[in-house]
Amino acid sequence: DMGDNFFQLDGQKNPTLNVKAGETIDVTLKNTGTAIHNMRTGGDDGKYNSSDDAVSDPQLVSAGQDAKLSFKFTKAGTYNYQCDFHPTDMKGQIVVTE
């Protein structure tokens with residue numbers, strides 16, 4: 001879920017996501033807040049707004065709207081995710097293991 005300026009998974013705000021390298025992860029997002037949100041992963045280059053990012057579809061998720069995000073990392077490491085509209089509050093990490 002995306003609440004007012006936080007991501008939530010199983011009651012944890014802005015959780016760390018643990019995934020396996022090479023595994024495609026499909027995320028369903030629901031905006032339960034009142035503001036617009038989205039979710040973007042920084043790709044292998046560790047930067048946002050570059051060609052290797054994954055971003056929710058739609059990129060602008062209004063209150064009450066659902067979105068989808070699919071991503072896959074091929075290398076182990078720690079990667080970041082954020083909401084482009086609230087990047088200082090809605091952010092977290094994705095830990096990729098072999």
Side-chain angles (χ1 to χ4, degrees):
D1 289 339
M2 298 180 289
D4 283 328
N5 299 345
F6 61 86
F7 291 103
Q8 182 169 288
L9 177 65
D10 297 331
Q12 182 183 3
K13 290 185 178 178
N14 296 328
T16 297
L17 306 176
N18 296 292
V19 302
K20 298 248 183 232
E23 182 176 47
T24 299
I25 305 301
D26 296 315
V27 178
T28 300
L29 302 161
K30 179 159 186 75
N31 185 347
T32 60
T34 57
I36 58 170
H37 299 296
N38 75 350
M39 186 174 182
R40 175 183 300 275
T41 68
D44 287 336
D45 66 4
K47 298 177 184 176
Y48 291 115
N49 299 309
S50 60
S51 63
D52 62 353
D53 292 6
V55 65
S56 60
D57 181 21
Q59 290 190 42
L60 189 148
V61 187
S62 298
Q65 188 177 20
D66 292 343
K68 302 247 185 244
L69 173 68
S70 292
F71 62 89
K72 174 171 67 173
F73 291 99
T74 57
K75 298 185 297 186
T78 300
Y79 303 88
N80 295 314
Y81 69 85
Q82 71 174 22
C83 169
D84 290 334
F85 304 99
H86 307 98
T88 58
D89 297 322
M90 293 181 73
K91 61 183 179 178
Q93 295 187 318
I94 302 165
V95 176
V96 180
T97 57
E98 291 293 330

Participant: So, Asp45 and Ser50: side-chain donor and acceptor under 3.5 Å apart, yes or no?
Facilitator: yes
Participant: Which residues pass the side-chain hydrogen bond (donor to acceptor under 3.5 Å, both in side chains) test with Asn5, not counting sequence neighbours?
Facilitator: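 Asn5 satisfies side-chain hydrogen bond (donor to acceptor under 3.5 Å, both in side chains) with His86 only.
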Participant: Evaluate the side-chain proximity of Met39 to Val61: yes if any heavy-atom separation is below 4.5 Å, no if none is.
Facilitator: no
Participant: Could you state whether Val27 and Met90 fall into the same hydrophobic cluster, counting links through intermediate Ile, Leu, Val, Met, Phe, Trp or Tyr residues with side-chain heavy atoms under 4.5 angstrom apart?
Facilitator: yes
Participant: I need the minimum non-hydrogen distance between Ala35 and Asp4, along with the two atoms involved.
Facilitator: N-OD1, 3.6 Å
Participant: If you measure from NE2 on His37 to CG on Asp1, what distance do you get to the nearest 0.5 Å?
Facilitator: 10.5 Å
Participant: Does Leu17 reach the side chain of Ile25, with side-chain heavy atoms less than 4.5 Å apart?
Facilitator: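 The answer is no, as the side chains (C-beta and beyond) never meet within the 4.5 Å cut-off.
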Participant: Are any side-chain N or O atoms of Asn31 and backbone N or O atoms of Ile36, one a donor and one an acceptor, separated by less than 3.5 Å?
Facilitator: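 Here the side-chain-to-backbone pair does not exist.
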Participant: Measure the shortest side-chain to side-chain distance between Asp44 and Thr74 over non-hydrogen atoms and say whether it is less than 4.5 angstrom.
Facilitator: yes
Participant: Which atom names give the shortest non-hydrogen contact between Asn14 and Lys91, and what distance separates them?
Facilitator: CB-O, 3.1 Å
Participant: Just by distance, with hydrogens left out, do Asp84 and Gln82 show a side-chain donor and acceptor under 3.5 Å apart?
Facilitator: yes
Participant: Which pair of non-hydrogen atoms, one from Leu29 and one from Met2, has the smallest distance, and what is that distance?
Facilitator: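 Heavy atoms only, the tightest pair is CB-CE, 3.8 Å.
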Participant: What residues form a ring pair (Phe, Tyr, Trp, His ring centres under 6.0 Å) with Phe6, not counting sequence neighbours?
Facilitator: none
Participant: Less than 4.5 Å apart, any side-chain heavy atom of Tyr79 and any of Thr41?
Facilitator: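 Side-chain contact under 4.5 Å: no.
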Participant: Give me the atom names and distance for the closest heavy-atom approach of Lys30 to Gly64.
Facilitator: NZ-O, 3.4 Å
Participant: Please give me the minimum heavy-atom distance between Leu69 and Ser56, naming the atom from each residue.
Facilitator: CD1-N, 3.6 Å
Participant: Side chains of Asn18 and Thr97: is there a donor and an acceptor less than 3.5 Å apart?
Facilitator: no
Participant: Determine whether the aromatic ring centres of Tyr81 and Phe7 lie less than 6.0 Å apart.
Facilitator: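 Yes, ring centres under 6.0 Å apart.
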Participant: Taking all heavy atoms of Ala63 and all of Gly33, pick out the closest pair and write down the distance.
Facilitator: CB-O, 3.2 Å
Participant: From Thr32 OG1 over to Asp66 CG, what is the distance, rounded to the nearest 0.5 angstrom?
Facilitator: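 The OG1 atom of Thr32 sits 10.5 Å away from the CG atom of Asp66.
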Participant: Does one hydrophobic cluster hold both Leu9 and Phe73, with members joined at side-chain heavy-atom distances below 4.5 Å?
Facilitator: yes
Participant: Would you give the length of the straight line joining atom OG1 of Thr28 to atom NZ of Lys68, rounded to the nearest 0.5 angstrom?
Facilitator: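 These two atoms lie 3.5 Å from each other.
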Participant: How long is the gap from CZ on Phe71 to CZ on Arg40, to the nearest 0.5 Å?
Facilitator: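 That separation rounds to 14.0 Å.
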